[in-house]
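It should be emphasised that the depicted structure is a prediction, and the values quoted were computed from it without experimental measurement. The basis for the numbers below is simple: all heavy atoms, side chains too, and nothing from hydrogens, waters or symmetry mates.
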Amino acid sequence: MKQLDTPAHLPVRDAFLWLYVYPVLALAVVHMGNDTPLRQLIILPSYYTDILFALGTAYLIGLYIRKINWVLNTNLTWQAVPHKRFYWQLFLGIICPVFFLFLAEWFYLFWLRIPLHESSIFYYELPLCTIFLFFINGIYYLLQLNTTVAASQQTITESLTDPITQLPSYLSTYVVTAGYTTRPIASNQIACFFTESKTIYLVTTDAQKFVIKESLDEIIQKLDPEIFFRLNRWVIVHRQSIQSIEHTPTRKLKIHLFIAIGEDIFVSKERATLFLNWFEQ
């Protein structure tokens, strides 16, 4: 059975963030709240430096949030410790990036020689970026939840179809033919299968005997091993058909059935322990 990956190793499909979301958010920070018409902005050199700064900052924060989510998904999963994960996500995913954005914006304003008190950083950029950070962290939460659920469903499906993990299916009835009549016989009505003169017979609990075309090797593969046991090369017996077990001086076991099939039935000393363990279960 394929083992379920831990959340940290599940592939989170976040490519759309890098292709669409981060560029849109960066442009939104530059344009929202800016009353200058676009035709005037495009002739200002500072407009393009603002866009480059916003894009660079957005992608750096995106890399950071991706890494933080990978680390948190490894050590503090939402499913295992939701409250603790929430506080760490808030601190690492919101507060720390906001502090970094403040330092980056302060350095950018210093480079442009714009005094901090004359900027809109405290009432515009930082509040807007904080909202965007909640948005990005929420997207990563939904992506991880969707990926984990999909992986769980895939693993369950594989476990149901994997022949290694699939529970074996044993016959509950055995179909026999007598003359022109075909009938099913429930497994609890079967006393034993045995070989006589190279012919395989099924014997029921009411002593009826039917010829079987399959070999004992083929038959034993279809039977529940908790109910049926192959005593030797000639006999397969149902647990409920055993009347008594006799220990012999040669360490063989003589098996007495409720239904007599003719010859005495023995279990070799090599298989005696295996048979007794099965019978005592």
Side-chain angles (χ1 to χ4, degrees), residues 5-36 41 44-149 151:
D5 292 334
T6 58
H9 299 104
L10 294 174
V12 176
R13 299 181 179 179
D14 61 349
F16 70 95
L17 291 174
W18 308 89
L19 294 175
Y20 307 111
V21 177
Y22 291 141
V24 170
L25 294 181
L27 293 174
V29 172
V30 174
H31 289 91
M32 290 178 66
N34 195 328
D35 297 332
T36 305
L41 284 175
L44 298 175
S46 61
Y47 171 68
Y48 298 99
T49 58
D50 288 348
I51 290 179
L52 290 176
F53 175 76
L55 287 172
T57 305
Y59 282 114
L60 284 175
I61 292 296
L63 287 172
Y64 168 79
I65 292 178
R66 172 193 270 181
K67 180 64 176 179
I68 285 301
N69 276 275
W70 189 92
V71 173
L72 291 178
N73 287 334
T74 303
N75 301 284
L76 298 171
T77 64
W78 286 105
Q79 293 81 4
V81 282
H83 292 89
K84 193 173 182 180
R85 171 62 185 268
F86 172 78
Y87 293 126
W88 277 104
Q89 191 79 40
L90 180 65
F91 176 71
L92 295 175
I94 305 295
I95 297 176
C96 289
V98 167
F99 181 71
F100 168 78
L101 287 170
F102 169 76
L103 293 179
E105 181 74 10
W106 176 81
F107 179 81
Y108 180 64
L109 293 173
F110 178 79
W111 180 67
L112 294 176
R113 299 184 180 183
I114 299 175
L116 192 63
H117 65 274
E118 294 181 5
S119 69
S120 58
I121 183 174
F122 292 111
Y123 64 85
Y124 173 66
E125 281 90 348
L126 287 184
L128 185 60
C129 290
T130 302
I131 295 173
F132 288 162
L133 284 170
F134 273 103
F135 175 67
I136 296 300
N137 279 271
I139 288 178
Y140 268 101
Y141 169 75
L142 295 176
L143 287 174
Q144 190 64 39
L145 181 63
N146 179 70
T147 304
T148 304
V149 170

Practice prompt. Evaluate the ring planes of Trp106 and Phe110, with Trp represented by its six-membered ring, and classify them as parallel (under 30°), tilted (30 to 60°) or perpendicular (over 60°).
Written response: parallel
Response to the item:
All heavy atoms of Gly93 vs all of Asn137, minimum pair found to be O-ND2, 3.0 Å
Worksheet item: What closest approach, in Å, do Phe102 and Ile121 show between heavy atoms, and which atom pair accounts for it?
Response: CD1-CD1, 3.8 Å
Discussion item. Pairing donors with acceptors under 3.5 angstrom, does anything connect the side chains of Arg85 and Asn75?
Written reply: no
Discussion item. For a 4.5 angstrom cut-off between non-hydrogen side-chain atoms, does Tyr108 reach Ile114?
Written reply: no
Worksheet item: Are any non-hydrogen side-chain atoms of Phe86 and Leu76 less than 4.5 angstrom apart?
Response: no
Give a yes or no on whether [X] atom [atom1] has more than 12 heavy-atom contacts from other residues, nucleotides or ligands under 6.0 Å away.
{"X": "Phe16", "atom1": "CZ", "answer": "yes"}
{"X": "Phe135", "atom1": "CZ", "answer": "no"}
{"X": "Trp88", "atom1": "CH2", "answer": "no"}
{"X": "Tyr87", "atom1": "OH", "answer": "no"}

Report, one line per pair, each donor and acceptor closer than 3.5 Å where one atom sits in a side chain of residues 51-65; sequence neighbours left out.
from: Thr57; atom 1: OG1; to: Phe53; atom 2: O; distance (Å): 2.7
from: Tyr59; atom 1: OH; to: Trp18; atom 2: O; distance (Å): 2.8
from: Tyr64; atom 1: OH; to: Leu92; atom 2: O; distance (Å): 2.7

Practice prompt. Could you go through the side-chain hydrogen bond (donor to acceptor under 3.5 Å, both in side chains) check for Gln144 and Asn69 one step at a time?
Written response: CA-CA 9 Å; Gln144 190 64 39; Asn69 276 275; over 6 Å; no
Measure the [atom1]-[atom2] distance between [X] and [Y] for me, rounded to the nearest 0.5 Å.
{"X": "Ile136", "Y": "Leu25", "atom1": "CD1", "atom2": "CG", "answer": "5.0 Å"}
{"X": "Asp14", "Y": "Ile139", "atom1": "CG", "atom2": "CD1", "answer": "10.0 Å"}
{"X": "Leu128", "Y": "Leu133", "atom1": "CG", "atom2": "CG", "answer": "10.0 Å"}

